[in-house]
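Accompanying notes for the structure given below.
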Number of protein chains: 2
Amino acid sequence: MTKREYSSKEIQALIAQRGLKVTQQRLVILQFMLTRETHPSAEEIHRELVNQYPSLSLGTVYKTLDSLTVSGLLHKVFCVDGIKRYDVNLQPHAHLYCNTTHQIIDFEDSELQKLVWGYLQEKKIQNFQIEGVQLQIQGTIQNPEKAVIIESGVTL
Amino acid sequence: MTKREYSSKEIQALIAQRGLKVTQQRLVILQFMLTRETHPSAEEIHRELVNQYPSLSLGTVYKTLDSLTVSGLLHKVFCVDGIKRYDVNLQPHAHLYCNTTHQIIDFEDSELQKLVWGYLQEKKIQNFQIEGVQLQIQGTIQNPEKAVIIESGVTL
DNA sequence: ATCGATGCAAAGACTTTGCAGCCAG
DNA sequence: CTGGCTGCAAAGTCTTTGCATCGAT
């Protein structure tokens with residue numbers, strides 16, 4: 001499974017569909033998120049984009065991530081390091097968190113998703129309305145220098 | 001399954017076993033963590049304990065949580081709200097996160113744990129050494145005012 | 001033209017650090 | 001005694017907020 005590409009037109013549509021104004025900043029930030037398999041923080045996003053878009057301010061990155069999240073295009077990601085990170089919300093997936101590099105990497109595995117969802121649907125926790133499940137697999141990347149395709153299609 | 005009680009003696013032993021000095025502050029903080037089913041932040045812990053122990057400083061709470069974590073008595077908890085929270089590390093369990101009250105509640109369910117662990121053991125992710133799994137179930141508590149025992153033994 | 005979005009800077013929230021003095025072993 | 005621990009305060013990091021200006025519709 002490879003990440004599909006999104007055209008500028010498609011990204012514009014995603015934003016417009018949610019009733020948000022299609023600004024340069026939103027386009028650029030959402031595009032950036034769509035091309036990433038890891039989940040950069042606001043500061044990382046700003047650092048990487050500010051060269052190409054020098055007027056982009058860090059405050060705008062925070063505000064943009066927030067409005068894209070409220071509108072449902074992004075999800076916040078749980079993370080032990082206490083930094084807020086975001087995730088393009090296309091299909092459900094788990095995350096690999098590297099204790100060494102502090103990267104978060106998508107782990108798409110529909111079987112695992114079904115397993116957990118199925119179990120929880122069955123179980124019906126009393127007094128609690130389930131809205132989502134976040135699964136994070138903590139561990140260590142073995143060879144950070146080598147890019148290897150792992151089973152689920154994630155590139156490490 | 002009900003939370004078991006820990007005597008002061010037992011808590012002292014837990015701390016001493018890890019080669020840490022048994023101070024009043026560590027005793028009090030660890031005891032507090034052991035009696036809680038939710039996972040308070042450092043500030044919440046301080047706020048709740050400072051009445052009874054007025055000399056306890058917030059900095060010490062942070063340092064204590066850190067040393068207990070390094071020694072393996074606590075685990076950091078993933079959380080969307082960006083605040084660092086800690087968890088007494090006794091048996092593996094999932095967490096319920098309430099989007100409304102922002103509480104984190106233990107969800108002990110050995111069957112679910114086995115399900116996920118078993119699957120991942122089987123799968124063997126290439127190039128990644130698994131050290132732990134964190135499962136967080138996001139949703140909303142239905143009746144925060146009513147305390148109800150749910151199936152896994154957690155009191156909501 | 002209008003109203004929401006941006007950029008900037010200041011404030012805020014949370015956490016870490018440095019160091020003098022204290023206390024458990 | 002002695003080294004690790006605490007309390008305090010200052011500094012640091014990450015995030016939010018307020019407001020004048022700008023720009024998408």
Side-chain angles (χ1 to χ4, degrees), chain A residues 8-9 11-30 39-71 73-74 76-86 102 104, chain B residues 8-9 11-30 39-71 73-74 76-86 102 104:
Chain A
S8 180
K9 273 269 183 322
I11 297 176
Q12 284 177 35
L14 286 171
I15 297 171
Q17 279 161 16
R18 322 269 156 160
L20 297 175
K21 285 189 180 175
V22 180
T23 65
Q24 262 300 300
Q25 292 86 340
R26 283 169 179 174
L27 273 173
V28 161
I29 290 169
L30 183 53
H39 302 293
S41 65
E43 301 220 327
E44 286 165 347
I45 294 166
H46 182 252
R47 194 185 321 123
E48 297 231 28
L49 291 175
V50 77
N51 292 317
Q52 197 172 351
Y53 306 93
S55 71
L56 179 65
S57 74
L58 180 57
T60 296
V61 175
Y62 277 105
K63 285 171 182 165
T64 300
L65 291 171
D66 187 57
S67 48
L68 294 178
T69 301
V70 168
S71 75
L73 279 167
L74 301 178
K76 286 185 185 167
V77 175
F78 293 83
C79 191
V80 276
D81 65 14
I83 292 175
K84 291 183 181 161
R85 292 155 189 280
Y86 296 82
H102 307 292
I104 297 177
Chain B
S8 180
K9 273 268 182 324
I11 298 176
Q12 283 177 37
L14 286 171
I15 297 171
Q17 278 159 17
R18 323 268 157 159
L20 297 175
K21 285 191 177 175
V22 180
T23 65
Q24 260 302 298
Q25 292 85 339
R26 284 171 178 173
L27 273 174
V28 161
I29 291 169
L30 183 53
H39 301 293
S41 65
E43 301 220 326
E44 286 166 346
I45 294 167
H46 182 251
R47 193 185 324 123
E48 296 230 28
L49 291 175
V50 76
N51 292 317
Q52 198 172 351
Y53 307 92
S55 71
L56 179 65
S57 74
L58 181 57
T60 296
V61 175
Y62 277 105
K63 285 172 183 164
T64 300
L65 291 172
D66 186 59
S67 50
L68 294 179
T69 301
V70 168
S71 75
L73 278 168
L74 301 179
K76 286 185 186 167
V77 174
F78 292 84
C79 191
V80 275
D81 64 14
I83 292 175
K84 291 183 182 160
R85 292 154 188 281
Y86 296 83
H102 308 291
I104 298 178

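Just the heavy atoms: all of them, side chains too, but no hydrogens, waters or symmetry mates, feed the values below. Numbered from 1 within each chain, the chains take letters A, B, ... in sequence-line order. Predicted, not measured: the structure shown is a model, and the values here were computed from it.
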Which nucleotide in the list C/dG25, C/dA5, D/dG7 gets nearest to the side chain of A/K21? C/dA5

On the nucleotide D/dG23, are OP1 or OP2 found under 4.0 Å from the side-chain N or O atoms that A/Q24 carries? no

Need to verify one output field. Residue with the more 5' nearest nucleotide on DNA chain C, A/L56 or B/G59? A/L56

Look at all strands and tell whether B/S41 reaches a base, only sugar-phosphate, or nothing, counting heavy atoms closer than 4.0 Å. nothing

Rounded to the nearest 0.5 Å, how far apart are CD1 of B/I11 and CD1 of B/I29? 12.0 Å

Under 4.0 Å, heavy atoms only, any strand: does A/S67 hit a base, just the sugar-phosphate, or nothing? nothing

With a cut-off of less than 4.0 Å, is there a side-chain N or O of A/K84 near OP1 or OP2 of D/dT16? yes

Can you tell me how far C1' of D/dT15 sits from CG of A/D66, to the nearest Å? 11 Å

How do A/R85 and B/G19 order along DNA chain D: which one's closest nucleotide is nearer the 5' end? B/G19

Under 4.0 angstrom between B/Y62 side-chain N/O and C/dT15 OP1 or OP2: yes

Can you figure out which of D/dC14, C/dT6, C/dG7 approaches the side chain of A/T64 most closely? C/dT6

Over how many whole Å does the gap from B/E44 atom CD to C/dT15 atom C1' extend? 15 Å

Rounded off to whole Å, could you give me the CD1-to-P distance for the A/I15 and D/dA24 pair? 12 Å

What's the closest nucleotide to the side chain of A/K63 if the choices are C/dG7, D/dC5, D/dT15? C/dG7

Examine C/dG7: is either OP1 or OP2 under 4.0 Å from a nitrogen or oxygen in the side chain of A/S57? Give yes or no. yes

Taking the side chain as every heavy atom from C-beta outward, state whether A/H46 and A/Y53 have any pair of such atoms under 4.5 Å apart. no

note: A/L20, atom CG; D/dG23, atom C1'; distance rounded to Å ~ 15 Å

Whole angstrom value for the distance that separates P of D/dC5 from CG of B/L30: 15 Å

Any donor-acceptor pair under 3.5 Å linking the side chain of A/R26 with the backbone of A/K21? yes

Quickly work out the A/L58 CG to D/dC14 P distance and round it to whole Å. 10 Å

Closest heavy-atom pair and its distance - A/L74, A/Y86: CD1-CB, 4.2 Å

Could you give the CD1-to-P distance, from B/I29 to D/dT6, as a whole number of Å? 8 Å

Closest non-hydrogen contact found for A/A42 with A/V61 is O-CG1, 3.7 Å

Contact class for A/T23 (heavy atom, under 4.0 Å): base, sugar-phosphate, or nothing? sugar-phosphate

Please report the distance, rounded to the nearest Å, between NE2 in B/H46 and P in C/dT15. 14 Å

